Amino acid sequence: MNHRFPALLRLPALLASLMFAGCAAVTGSQPGNGSGVLAPQSQYDSIITDNQGSPLSINQLAEKLAPADVVVIGEYHGHHGAHLLQALLQSALYQQRPRQVLSMEQFTLDNQSELDRYLAGKTGEEELIADADAWSNYKASYRPLVEFSKRRGIPVIAANAPADIVRCVGRNGVYYLDQLDARRRIQLPDEPFLDTPAYRKKFFAALGGAHGSDQDSAKPGKRLENSYLAQLLRDNTMADRVVGALAENPGHQVVHLTGTFHSEDRLGMVAALEKQRADLKVAVVSPVFWQAGDDLDSLVEAHKGKGDYLYFLQPLPTQYKSSERQRDAMMAQFREAGEYSCD
């Protein structure tokens, strides 16, 4: 998946201060909504609940998450409300447990040294963005979390697998790792492709298999199978990096940011993490879109398995109304990927 996103509008400081007071559910009357909880009113709003539908403020959520060894906050990449919630929750968790580590899918492990140099004050932000290949929405979405960590001496972990290795596994399959030199291979998990049947089925359903049946996920084409292996490499690398962070920082709480597909339903990197360390207390916070006409009770019932806690957001704008332009954009991405050599 392409993780490059247009720059988002910067959040005014006043709005941030107002939102820190809660990100809580706003109650009132709404037709067809038995819970009395209003839908998110803007792209910045989020309605937070436990997986039984009880509304929570940011501070209440942080109190409930305080005992966890690892808090995994899923996101919809590029969504204003998701990134705001992550920043507010990081701060609220810090008040509960200041011994914190921030782990990020948004940086790859081969750029850890560049990230460390920035945190140590040896480089500037533009140097970080260039040298660590930061996502295009870094300033609008992830800057607040990194700056919070920098000011307080919180370690920040570049958790994702190197992009070139992921790309070449997606192209050539599992045996590509055999071509890596020892220095690069040792940075990756010993078992980089651990998975679960439920995740496999979900992945191929998301890619548009014939309804995601067991038969489709059992016998995919080679290209789709390699795409799945690339996904597993990301998941297992993130899990491995979190385990390493806990070992290097005993007694700390790890806050891990990732796209929701990597963590919801306790699949993906969460399943990989729990296979490595079944003793860990891992809490998952997952986003859900609140579409027009939805109500809280129905949404919680439909999505409560996605996380220990849920937060509800307005949907993102439709990217394309023209199927032809969407197809052209996808083909341009494929051509760009095809220019990369895996020799």
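The first residue of the sequence shown is numbered 1, and numbering continues consecutively from there. Since this is a predicted model, take the numbers as computed values, not measurements.
To the nearest 0.5 Å, the span separating CZ on F312 from OG on S46 amounts to 10.5 Å. Note: H252 NE2 to E248 CD = 11.0 Å, rounded to the nearest 0.5 Å. Interatomic distance, CD of Q276 versus CG of L273, reported as 7.0 Å (0.5 Å rounding). The CG atom of L180 sits 8.0 Å away from the CG atom of D164 when rounded to the nearest 0.5 Å. Taking NE2 from H80 and CG from D45, the interatomic distance works out to 12.0 Å, rounded to the nearest 0.5 Å. For the atom pair S286 OG and I73 CD1, the distance stands at 10.5 Å (nearest 0.5 Å).
In this structure a side-chain-to-backbone donor-acceptor pair under 3.5 Å is present from N236 to P192. Under the 3.5 Å distance criterion, the side-chain polar atoms of H262 are left unmatched by any main-chain donor or acceptor of G259. Remark: side-chain polar atoms of R183 are not paired, donor with acceptor, to backbone N or O of Q187 under 3.5 angstrom. For H79 (side chain) and L313 (main-chain N/O), no donor-acceptor pair under 3.5 Å exists by modelled atom type. Panel note: side chain T318, backbone Y320; no donor-acceptor pair is recorded below 3.5 Å. No donor-acceptor distance shorter than 3.5 angstrom exists from the side chain of R266 to the backbone of A283, with no hydrogens or angles considered. Without hydrogens or angle criteria, R97 side chain to D69 main chain gives no donor-acceptor distance under 3.5 Å. Judged by distance alone, the side chain of E274 and the main-chain N or O of A272 form no donor-acceptor pair under 3.5 Å. Under a 3.5 Å cut-off, the side chain of R241 and the backbone N or O of A158 do form a donor-acceptor pair. A donor-acceptor contact shorter than 3.5 Å is absent between the side chain of R143 and the backbone of Y138.
Side-chain atoms of E63 and N59 form no donor-acceptor pair, as typed in the model, at a separation below 3.5 Å. Neither side chain, D116 nor S113, offers a donor N or O lying under 3.5 Å from an acceptor on the other. Side-chain N/O atoms of E75 and Q86 include a donor and acceptor closer than 3.5 Å. Side-chain polar atoms of S298 and D295 form a donor-acceptor pair below 3.5 angstrom. Between D265 and Y199, the side chains place no donor N or O within less than 3.5 Å of an acceptor N or O (distance only, hydrogens not considered).
The closest side-chain heavy-atom distance from F261 to K202 is below 4.5 Å. Under the 4.5 Å side-chain criterion, counting only non-hydrogen atoms from C-beta, Q314 is not in contact with F289. Side chains of L61 and D50 form no contact here, defined as non-hydrogen atoms less than 4.5 Å apart. Under the 4.5 Å side-chain criterion, counting only non-hydrogen atoms from C-beta, H83 is not in contact with L145. Contact check for M269 versus H256: side-chain heavy atoms found under the 4.5 Å cut-off. Inter-residue side-chain proximity for S227 and L229 is flagged as unmet; no heavy-atom pair is nearer than 4.5 Å. The closest side-chain heavy-atom distance from S149 to Q90 is below 4.5 Å. Proximity of L188 to I165: side-chain heavy atoms (C-beta onward) are separated by under 4.5 Å at one or more points.
Considering all non-hydrogen atoms of both residues, S263 and V284 come closest at O-CG1, 3.8 Å. Taking each heavy atom of Q100 and P155 in turn, the nearest pair found is O-CD, 3.4 Å. Nearest heavy-atom pair, G78 versus L316, reported as atom, atom and distance to 0.1 Å: O-CD2, 4.3 Å. Taking all atoms of both residues into account, the shortest heavy-atom contact from S57 to I48 is C-CD1, 4.4 Å. Residues L89 and L65 approach most closely at CD2-CD1, 4.0 Å, considering heavy atoms. The shortest non-hydrogen separation linking R277 to V243 is CG-CG2, 3.9 Å.
A cation-pi geometry, defined here as NZ or CZ lying under 6.0 Å from the six-membered ring centre and within 45° of its normal, does not hold between K64 and Y309.
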query = Y118 and V146: side-chain contact (heavy atoms from CB on, under 4.5 Å), yes or no, with the steps?
reply = CA-CA 10 Å; Y118 177 72; V146 173; 4.1 Å; yes
message = Evaluate E127 against R117 for salt bridge (Lys or Arg N to Asp or Glu O under 4.0 Å), listing each step before the verdict.
response = CA-CA 10 Å; E127 293 165 309; R117 282 172 55 78; over 6 Å; no
task = Run the numbers on W135 and F107 for side-chain contact (heavy atoms from CB on, under 4.5 Å), then give the verdict.
result = CA-CA 8 Å; W135 290 7; F107 290 101; over 6 Å; no
message = One pair to check against side-chain hydrogen bond (donor to acceptor under 3.5 Å, both in side chains): T237 and D240. What are the steps and the verdict?
response = CA-CA 5 Å; T237 300; D240 195 62; over 6 Å; no
inquiry  = Show, in sequence, the C-alpha distance, side-chain angles and deciding distance for R185 and L177, and conclude whether the side-chain contact (heavy atoms from CB on, under 4.5 Å) test is met.
reply    = CA-CA 7 Å; R185 179 61 184 87; L177 297 188; 4.2 Å; yes
request  = Could you check K275 against D195 for salt bridge (Lys or Arg N to Asp or Glu O under 4.0 Å), going step by step and ending with a plain yes or no?
outcome  = CA-CA 9 Å; K275 282 189 175 185; D195 72 341; 5.4 Å; no
task = Any chance you could lay out the side-chain contact (heavy atoms from CB on, under 4.5 Å) test for L296 and W290, step after step, and finish with the verdict?
result = CA-CA 8 Å; L296 182 63; W290 188 314; 3.8 Å; yes
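Each of E105, R234, E264, H77 was scored for a side-chain contact (heavy atoms from CB on, under 4.5 Å) with T258, with one residue passing: E105. Just one of V242, L102, I157 meets the side-chain contact (heavy atoms from CB on, under 4.5 Å) condition when paired with V254; it is V242.
Checked for salt-bridge contact, E126 and K139 meet the test: a charged N lies under 4.0 Å from a carboxylate O. Comment: R200 engages E225 in a salt bridge, judged by a side-chain N to carboxylate O separation of less than 4.0 angstrom.
Side-chain heavy atoms closer than 4.5 Å link hydrophobic residues (I, L, V, M, F, W, Y) into clusters, and following such links, possibly through other members, connects L257 to I58. Hydrophobic clustering (ILVMFWY, side-chain heavy atoms < 4.5 Å, transitive): M104 and V71 are in one cluster. In the hydrophobic cluster analysis, where Ile, Leu, Val, Met, Phe, Trp and Tyr join through side-chain heavy atoms closer than 4.5 angstrom, V166 is grouped together with L224. L109 and V70 end up in different hydrophobic clusters when Ile, Leu, Val, Met, Phe, Trp and Tyr side chains are linked at under 4.5 Å.
Summarising the local packing, CD of E191 is surrounded by 12 or fewer heavy atoms from other residues, nucleotides or ligands at distances under 6.0 Å. Counting non-hydrogen atoms of neighbouring residues, nucleotides and ligands closer than 6.0 angstrom, the CZ atom of R152 exceeds 12 such neighbours. The 12-atom threshold is exceeded at CD of Q291, counting heavy atoms of other residues, nucleotides or ligands nearer than 6.0 Å. Other residues, nucleotides and ligands contribute at most 12 non-hydrogen atoms within 6.0 Å of the CG atom of D190.
With sequence neighbours left out, the ring-ring contact (aromatic ring centres under 6.0 Å, His included) criterion links Y311 to no other residue.
The stretch residues 170-195 participates, sequence neighbours left out, in no ring pair (Phe, Tyr, Trp, His ring centres under 6.0 Å) pair at all.
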